[in-house]
2 protein chains.
Amino acid sequence: MTTPKYFSSIARFYRERKRLPSYREMLKLTGFRSTNAVYRLVERFRQADLLTKDAAGKLIPGKRFRELRILGTVEAGWPSPAEEELIDTIGLEDWLIHNREATYMLKVSGDSMIDAGIRPGDMLLVERGRTPKEGDVVIAEVDQQWTLKYFQKRGRQTILVAANKKYSPIIPQDELNIAAVVTAVIRKYHT
Amino acid sequence: MTTPKYFSSIARFYRERKRLPSYREMLKLTGFRSTNAVYRLVERFRQADLLTKDAAGKLIPGKRFRELRILGTVEAGWPSPAEEELIDTIGLEDWLIHNREATYMLKVSGDSMIDAGIRPGDMLLVERGRTPKEGDVVIAEVDQQWTLKYFQKRGRQTILVAANKKYSPIIPQDELNIAAVVTAVIRKYHT
DNA sequence: TAGTATAGTGAACATTTGTTCACTCGTCAA
DNA sequence: TTGACGAGTGAACAAATGTTCACTATACTA
């Protein structure tokens, strides 16, 4: 068993209610009848880094709570936990989203970036109000339409390039409106 | 302002400590000096669905707390909030991960699936112990090596196909070991 | 001007909270 | 058998919790 007994029910509680149960609530989760029993249970979870206490002494999820085990690379063989601690501790959400207020999600519909591995149906995390760097994938306004393109510079001119030979580069004549910079691509397989 | 005043500091508290602050802790966050002030502040947040109470009457994050605004498709123009409520309410983590115990993350190193939009450097969410369906992307053991391939059937034979013309299909002679089924691809741009 | 909401203060209260203490019961080793 | 030990019970307690009440100041309307 990878996680200690009784812990999964506490983790489920947190996942459903977005808060940790109190010690009396853990009584019902574990079946114990004394708060002292769950108190010492929690002590063990704290030593296993499944739970911790914050600065105020309140119980919060620990390092190993939101465990998302990272393994090595695909070709390299299965379990080589090199950079294991990387996402393990921060969790998917914090890893992908830095500025939540400015981050939006949208779905790709065209094939203009298919050679960059961005395919129709993929979801994009984009950040508004950020200044794009050379080579960034951006969402730009062209002829009152929004398109997905590479942001590139030719000399001191800014051009928009598709990752698909079918489309030719766009050289904006008047002003260029960058709506957002793509920060991540997420493809979910509906299996 | 999209979120009401004072709320962002509460959201930050939750993001950092993975729990909501108590009413006295909100005093320090907001600058108020009376718990009654923050109590009524929270009442307003509850009406805005930023916070809620669970069955036990405890304060927990509400529907609009982990707000990740979803917009329409890229080509279709900017703000057409069609399926807005979709991820909005569940959050990235719950959307992508169903069986946390069995889900692992690993990095792609080869180019064998490049025509499926899976490129070296991408991160994969994979689920172990699941039976693959026709057309799933799987991690299979071939010659004591783990590779990323399409899981396909030719007649009643199972074959492994790469999404790259450079590689020819693998027809496993003895037994075929499927280590995991890929459930999502995540590409993060380090901008 | 007087009157009335609105938003804040400060204090109070019953509950719930984490934590501790003394005790019981079975198990295993000496 | 005796003794030590680990794991659970049940009760207790101070501190922290959510909620309510009475009061004040400020802004706005009639």
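Sequence lines set the chain letters: A, B, ... in the order given, protein chains first and strands last, and positions in each chain run from 1.
In this structure, B:Lys58 reaches the C:dT17 phosphate: one of its side-chain N or O atoms is under 4.0 Å from OP1 or OP2.
Electrostatic pairing of A:Glu43 and A:Arg46 counts as a salt bridge here, judged by a charged N lying under 4.0 Å from a carboxylate O.
Below the 3.5 angstrom threshold, one finds a donor paired with an acceptor across the side chain of B:Arg40 and the base of C:dG8. Taking 3.5 Å as the limit, the base of D:dT17 and the side chain of B:Thr35 contain no donor-acceptor pair of atoms between them. For C:dG8, the base has no donor-acceptor partner in the side chain of B:Ser34 [N/O atoms by modelled type, under 3.5 angstrom].
Closest contact between the side chain of B:Arg44 and the listed nucleotides C:dG8, C:dT9, D:dT19 involves C:dG8.
Side-chain heavy atoms closer than 4.5 Å link hydrophobic residues (I, L, V, M, F, W, Y) into clusters, and following such links, even through other members, never connects B:Ile60 to B:Tyr39.
Side-chain polar atoms of A:Asn36 and A:Tyr23 form no donor-acceptor pair below 3.5 angstrom.
With rounding to whole Å, B:Arg33 atom CZ is found 18 Å from C:dA7 atom P. Atom-to-atom, CZ of A:Phe32 to C1' of C:dT19 comes out at 17 Å; the value is rounded to the nearest Å. We find that CD of A:Glu25 is positioned 18 Å from P of C:dT15, with the value rounded to whole Å. If you take OH of A:Tyr39 and P of C:dT20, they are 4 Å apart, rounded to a whole angstrom. Taking atom OH of A:Tyr23 as the reference point, atom C1' of D:dT17 lies 16 Å away to the nearest angstrom. Rounded to whole Å, the distance from CE on B:Met26 to P on D:dT17 is 11 Å. B:Ile60 has its CD1 atom 16 Å from the C1' atom of D:dG18, to the nearest Å. When the P atom of D:dG18 is taken as reference, atom CG of B:Asp54 falls 12 Å away, rounded to whole Å.
The residue among A:Pro21 and B:Arg24 whose nearest nucleotide of DNA chain C is located toward the 5' end is B:Arg24.
Considering all non-hydrogen atoms of both residues, B:Tyr167 and B:Ser112 come closest at CE1-CA, 3.7 Å.
Here the straight-line distance linking atom CG of A:Leu50 with atom OG of A:Ser8 works out to 11.0 Å at 0.5 Å rounding.
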